[in-house]
Number of protein chains: 2
Amino acid sequence: MQQQLAARLRQWGVRVTPQRLAIAEAVLNSSDHPSVQQIYERVRQHFPSMTLATIYSTLDVLEQSGLIQELPFQKVSRYEPNLDPHVNLVCVQCGDVVDAQQGHQAVVRLKNQVARDANFEIGWQRVDFYGCCRRCAAGQASQPATASQ
Amino acid sequence: MQQQLAARLRQWGVRVTPQRLAIAEAVLNSSDHPSVQQIYERVRQHFPSMTLATIYSTLDVLEQSGLIQELPFQKVSRYEPNLDPHVNLVCVQCGDVVDAQQGHQAVVRLKNQVARDANFEIGWQRVDFYGCCRRCAAGQASQPATASQ
DNA sequence: TTTACTGCAAAGGGTTTGCATGAGG
DNA sequence: CCTCATGCAAACCCTTTGCAGTAAA
């Protein structure tokens with residue numbers, strides 16, 4: 001796991017440090033599309049002296065290495081470890097962002113169709129559906145703090 | 001045209017001013033997904049004293065009135081007048097963002113499928129395909145200034 | 001040993017806010 | 001007339017940058 005990761009980074013001429021491995025794992029092992037602040041809070045438990053500058057720098061490296069994708073929202077960016085075609089469900093109430101369990105194939109087909117018909121070389125994609133998650137629809141307004149776009 | 005627009009704004013209890021009409025038209029009549037700066041430069045020709053604060057304020061109103069959609073990118077946000085399900089083609093070289101001519105129906109179907117299977121009430125969507133447009137692929141590197149995500 | 005990453009601090013820049021003036025309804 | 005929008009300026013905050021010390025290779 002860390003072996004693969006380290007190899008992939010070195011392959012880009014990037015130096016592998018414990019901090020970078022921790023940041024990479026914090027994003028790659030997540031499913032909640034964490035923000036920089038969230039990554040910071042998680043990694044700081046292991047590296048109390050780490051600063052945001054290191055987080056930003058490392059996230060840039062990871063993105064350029066093709067390991068993660070930045071998802072800019074209105075307030076802050078979030079980070080996506082799943083680069084395969086899929087749909088993100090974004091709750092505008094609580095701010096949660098989760099990968100949909102359905103629609104992967106449909107996104108792949110759509111991508112192929114558009115790439116062919118529009119003659120547009122597609123590198124990657126972002127498919128966001130904005131709405132109200134089950135929990136919030138049920139009235140369980142939890143933490144409207146992180147509310148995204 | 002302006003009649004409809006004015007009515008729609010008043011219907012939200014929003015005061016209609018010449019500045020707001022100009023900003024609304026600048027976005028609604030555009031197809032290039034302009035940024036705040038671009039809207040500013042276009043509207044300033046008619047209202048030289050207008051400031052960015054008014055642009056931001058009006059764009060908020062237009063978004064809350066359901067007339068436009070903010071598209072956050074890494075550097076700046078752009079604004080989308082087309083709220084119907086569709087695909088945006090984002091060129092990572094020149095930064096152009098255009099609506100794809102294909103795939104509308106596929107996005108509608110995908111939306112319905114996910115809404116049903118995931119039990120997620122979808123309000124609106126954002127479908128971006130990132131890649132290289134025909135012009136840039138042909139080597140005509142034009143203005144790599146606005147390069148988006 | 002050489003190179004480049006970390007941590008700290010300061011700067012940058014898009015966006016937001018507060019307030020007095022002025023215009024819409 | 002009363003309310004709210006405009007314009008101006010300052011504040012905000014996320015993000016970037018510069019630099020000295022330090023760790024990877």
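Side chains included, hydrogens not; waters and symmetry mates left out as well; all remaining heavy atoms used. Residue numbers begin at 1 in each chain, while the letters A, B, ... track the order of the sequences. Predicted model, so just to flag it, every value in this text is computed and none were measured.
The aromatic rings of A:Y130 and B:W124 lie parallel to each other, their planes meeting at an angle below 30°, with 60° marking the opposite boundary.
Between the CZ atom of A:F47 and the P atom of C:dC8 there is a distance of 14 Å, rounded to whole Å. The nearest whole Å value for the distance from the CD atom in B:Q64 to the P atom in D:dA5 is 11 Å. For A:R44 and C:dT6, the CZ to C1' distance is 16 Å, given to the nearest whole Å. Atom CD of B:Q74 and atom C1' of C:dG13 are 16 Å apart (whole Å). Here the P atom of nucleotide C:dT15 and the CD1 atom of B:I39 are 10 Å apart, to the nearest Å. Taking atom OH on A:Y40 and atom P on D:dC14, their separation rounds to 13 Å, with Å as the unit. Look at CG on A:L9: it is 10 Å from P on C:dC5, rounded to the nearest Å. Here the C1' atom of nucleotide D:dT15 and the CD atom of A:E63 are 14 Å apart, to the nearest Å.
Out of C:dG7, C:dG25, C:dT6, the shortest distance to the side chain of A:R20 is found at C:dT6. Across D:dG7, C:dG7, D:dC14, the shortest atom-to-atom separation from the side chain of A:Q19 is found for C:dG7. Each of C:dT6, C:dT15, D:dT6 was ranked by its minimum atom distance to the side chain of B:V36; first place goes to C:dT15. Listed nucleotides D:dG7, C:dT15, C:dC5 differ in distance to B:S77; the shortest reach to its side chain belongs to C:dT15.
Judged purely by distance below 3.5 Å, without hydrogens or angles, the side chains of B:E80 and B:H86 pair a donor atom with an acceptor atom.
For the OP1/OP2 pair of C:dC8 and a distance below 4.0 Å, the side-chain nitrogens and oxygens of A:T51 include no atom meeting the criterion. Here A:T54 reaches the OP1 or OP2 of C:dG7: one of its side-chain N or O atoms lies under 4.0 Å away. The side chain of A:S49 contributes an N or O atom lying less than 4.0 Å from OP1 or OP2 of C:dG7. Within the 4.0 Å cut-off from OP1 or OP2 of D:dA25, at least one side-chain nitrogen or oxygen of A:R10 is found.
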Do any N or O atoms of the protein come closer than 3.5 Å to N or O atoms of nucleotides 16-18 of chain D, and which pairs are they?
none

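At a threshold of 4.0 angstrom between heavy atoms, the contacts of A:P48 with the nucleic acid are absent. Among the atoms of the strands shown, only primed sugar atoms or phosphate atoms (P, OP1, OP2) are found under 4.0 Å from some heavy atom of B:V16.
Under the 6.0 Å distance and 45° angle rule, B:R20 does not count as a cation-pi partner of B:F47.
Side-chain atoms of A:R15 stay outside donor-acceptor range of the base of C:dC5, with no qualifying N/O pair under 3.5 Å.
Open room surrounds CD on B:Q101; 12 or fewer heavy atoms of other groups in view lie less than 6.0 Å from it.
Checking A:I68, A:N82, A:L62, A:I23 one by one against A:L28, the side-chain contact (heavy atoms from CB on, under 4.5 Å) holds for a single residue, A:I68.
Residues A:D96 and A:R135 form a side-chain contact, since some pair of their non-hydrogen atoms from C-beta on lies under 4.5 Å apart.
Minimum interatomic distance between A:P85 and A:K111 (heavy atoms only, all atoms of both residues): CG-NZ, 4.0 Å. Closest non-hydrogen pair, B:I55 versus B:Y40, comes out as CD1-CA, 3.9 Å.
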